[in-house]
Engineer: 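After the structure tokens below, expect a handful of questions from me.
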Amino acid sequence: MGRIRAFVAAEMPEEVLENISAAVKDLESAGEGIRCVDPANMHLTIKFLGEIPESDAMNACRICTAAAGQSSPVTAAVGGVGAFPGPRRPRVIWAGVEEDTGGLARIYGALDTGMEEIGVAPERRPFRPHLTLARVRFVRDRGPLDNFLISWADREFGEAHVGEICLFMSELRKSGPLYTKMGTFPLSPGL
């Protein structure tokens, strides 16, 4: 059997993605070394699994079911933009995702611990929920990107009700990534 590239994420509502489209359109003109993500492909990645054996897909689904069963639905505000690791040396341009209950962090923690069972190493960096708007390969002229980060820093994109998480397979292609949903796992409203 082969290997698959996989991740666990929450899908975003159309309204949020439509609002983010304006930011992405503005970001596209910020420099040639900036590769924007198509809003239709945007999601809130909770746990990136990387390459896993295809034979572990069922175990990953079982772990997702358990993590979802320990968490209640979450409503998160999507807004503001920033850069990882920071604005001086940006590699990823993101839209922020905030919620007050800690629900997303609990889901992440359960997934981070559970996926060790199939050989996925725990993440060393703290969980920072976000939507990736673009990846930055290089910046020749910082002015347009700095202006983008300043002008979109406090913009609101809407609310996202997270009632389920999904396990996706990712195939990297020249035309862009192709995501295939391998399973959907509802959160527990009674918690």
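Basis for what follows: all heavy atoms, side chains included, without hydrogens, waters or symmetry-related copies. For this chain, numbers begin at 1 and follow the sequence in order.
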Engineer: Looking at residues at least two apart in the chain, or sitting in another chain, which of them share a side-chain hydrogen bond (donor to acceptor under 3.5 Å, both in side chains) with E32?
Structural biologist: R140
Engineer: Specify the closest pair of heavy atoms between A30 and P144, including all atoms of both residues, with the distance to one decimal.
Structural biologist: O-CB, 3.6 Å
Engineer: To the nearest 0.5 angstrom, please state how far the CE atom of M42 sits from the OG1 atom of T132.
Structural biologist: 8.0 Å
Engineer: Among residues at least two apart in sequence or on other chains, which ones pass side-chain hydrogen bond (donor to acceptor under 3.5 Å, both in side chains) with R135?
Structural biologist: none
Engineer: Going by heavy atoms in the side chains, are T75 and V162 under 4.5 Å from each other?
Structural biologist: no
Engineer: On a heavy-atom basis, which atom in A68 and which in P186 lie closest, and how many Å separate them?
Structural biologist: CB-O, 3.4 Å
Engineer: Assess whether side-chain contact (heavy atoms from CB on, under 4.5 Å) is satisfied between I52 and V120, documenting all intermediate values.
Structural biologist: CA-CA 8 Å; I52 63 170; V120 177; 3.9 Å; yes
Engineer: Got a sec, which pairs hit ring pair (Phe, Tyr, Trp, His ring centres under 6.0 Å) with one end in residues 4-28, sequence neighbours left out?
Structural biologist: F7-H43, F7-F168, F7-Y179
Engineer: With side-chain contact (heavy atoms from CB on, under 4.5 Å) as the test, would you mind laying out the steps for L187 and S72 before giving the verdict?
Structural biologist: CA-CA 5 Å; L187 304 183; S72 56; 5.9 Å; no
Engineer: Can you run down the salt bridge (Lys or Arg N to Asp or Glu O under 4.0 Å) pairs that involve residues 143-168, sequence neighbours left out, and say none if there aren't any?
Structural biologist: R142-D146
Engineer: Apply the hydrophobic cluster definition, ILVMFWY joined by side-chain contacts under 4.5 Å directly or through others, and give me every member besides F84.
Structural biologist: V92, W94
Engineer: Restricting to salt bridge (charged side-chain N to carboxylate O under 4.0 Å, His left out), what partner residues turn up for D56, sequence neighbours left out?
Structural biologist: none
Engineer: For V78 and A95, which heavy atoms make the closest approach, and how far apart are they?
Structural biologist: CG1-CB, 4.5 Å
Engineer: Looking at every non-hydrogen atom in both residues, tell me the closest pair between R3 and E51 and how far apart they are.
Structural biologist: NH2-O, 2.9 Å
Engineer: Any chance you could measure L111, atom CG, to Q70, atom CD, to the nearest 0.5 Å?
Structural biologist: 9.0 Å
Engineer: Look up atom OG in S71 and atom CD1 in I165, then write down how far apart they are to the nearest 0.5 Å.
Structural biologist: 7.5 Å
Engineer: Taking the side chain as every heavy atom from C-beta outward, state whether L167 and L49 have any pair of such atoms under 4.5 Å apart.
Structural biologist: yes
Engineer: Hey, are the side chains of S21 and P39 touching, using non-hydrogen atoms and a 4.5 Å cut-off?
Structural biologist: yes
Engineer: Taking side chain as C-beta onward, heavy atoms only, is Y108 less than 4.5 Å from P129?
Structural biologist: no
Engineer: What salt bridge (Lys or Arg N to Asp or Glu O under 4.0 Å) pairs are there with at least one residue in residues 64-80, not counting sequence neighbours?
Structural biologist: none
Engineer: So, using side-chain hydrogen bond (donor to acceptor under 3.5 Å, both in side chains) as the criterion, who are the partners of D26 when residues are at least two apart?
Structural biologist: W152
Engineer: Looking at CG of L27 and CG of L133, how far apart are the two atoms once the value is rounded to the nearest 0.5 Å?
Structural biologist: 6.5 Å
Engineer: Are the side chain of T101 and the backbone N or O of G103 linked by a donor-acceptor pair below 3.5 Å?
Structural biologist: yes
Engineer: In terms of hydrophobic clusters joined by side-chain contacts under 4.5 Å, are V97 and F48 together?
Structural biologist: no
Engineer: Tell me the closest heavy-atom pair linking A121 and D112, and the distance in Å.
Structural biologist: O-OD1, 4.3 Å
Engineer: I'd like to know whether T65 forms a side-chain contact (heavy atoms from CB on, under 4.5 Å) with R62, so could you lay out the CA-CA distance, the side-chain angles of the two residues, the decisive distance to 0.1 Å, and finally the verdict.
Structural biologist: CA-CA 5 Å; T65 299; R62 181 181 47 74; 5.6 Å; no
Engineer: Does T113 reach the side chain of P122, with side-chain heavy atoms less than 4.5 Å apart?
Structural biologist: no
Engineer: Start with the C-alpha distance between C61 and F185, add both sets of side-chain angles, then the distance that settles side-chain contact (heavy atoms from CB on, under 4.5 Å), and finish with yes or no.
Structural biologist: CA-CA 8 Å; C61 287; F185 313 94; 3.8 Å; yes
Engineer: Would you call L149 and V81 a side-chain contact if the rule is heavy atoms closer than 4.5 Å?
Structural biologist: yes
Engineer: Within the structure provided, determine whether L172 and P177 are in side-chain contact (heavy-atom separation under 4.5 Å).
Structural biologist: yes
Engineer: Just grab all the salt bridge (Lys or Arg N to Asp or Glu O under 4.0 Å) pairs involving residues 70-80, residues at least two apart or on different chains.
Structural biologist: none
Engineer: Can you tell me which residue pairs pass the salt bridge (Lys or Arg N to Asp or Glu O under 4.0 Å) test with a partner in residues 4-22, sequence neighbours excluded?
Structural biologist: E11-K181
Engineer: Which residues pass the side-chain hydrogen bond (donor to acceptor under 3.5 Å, both in side chains) test with R91, not counting sequence neighbours?
Structural biologist: none
Engineer: Check this for me: E116, atom CD, are more than 12 non-hydrogen atoms of other residues, nucleotides or ligands nearer than 6.0 Å?
Structural biologist: yes
Engineer: SG of C36 to CD1 of I20: how many Å apart, nearest 0.5 Å?
Structural biologist: 12.0 Å
Engineer: Any side-chain heavy-atom pair from I93 and L145 closer than 4.5 angstrom?
Structural biologist: yes
Engineer: Mind checking ring-ring contact (aromatic ring centres under 6.0 Å, His included) for F157 and listing every partner two or more places apart, or none if nothing turns up?
Structural biologist: none
Engineer: Taking atom CZ of R128 and atom CG of L104, what is their separation to the nearest 0.5 Å?
Structural biologist: 14.0 Å
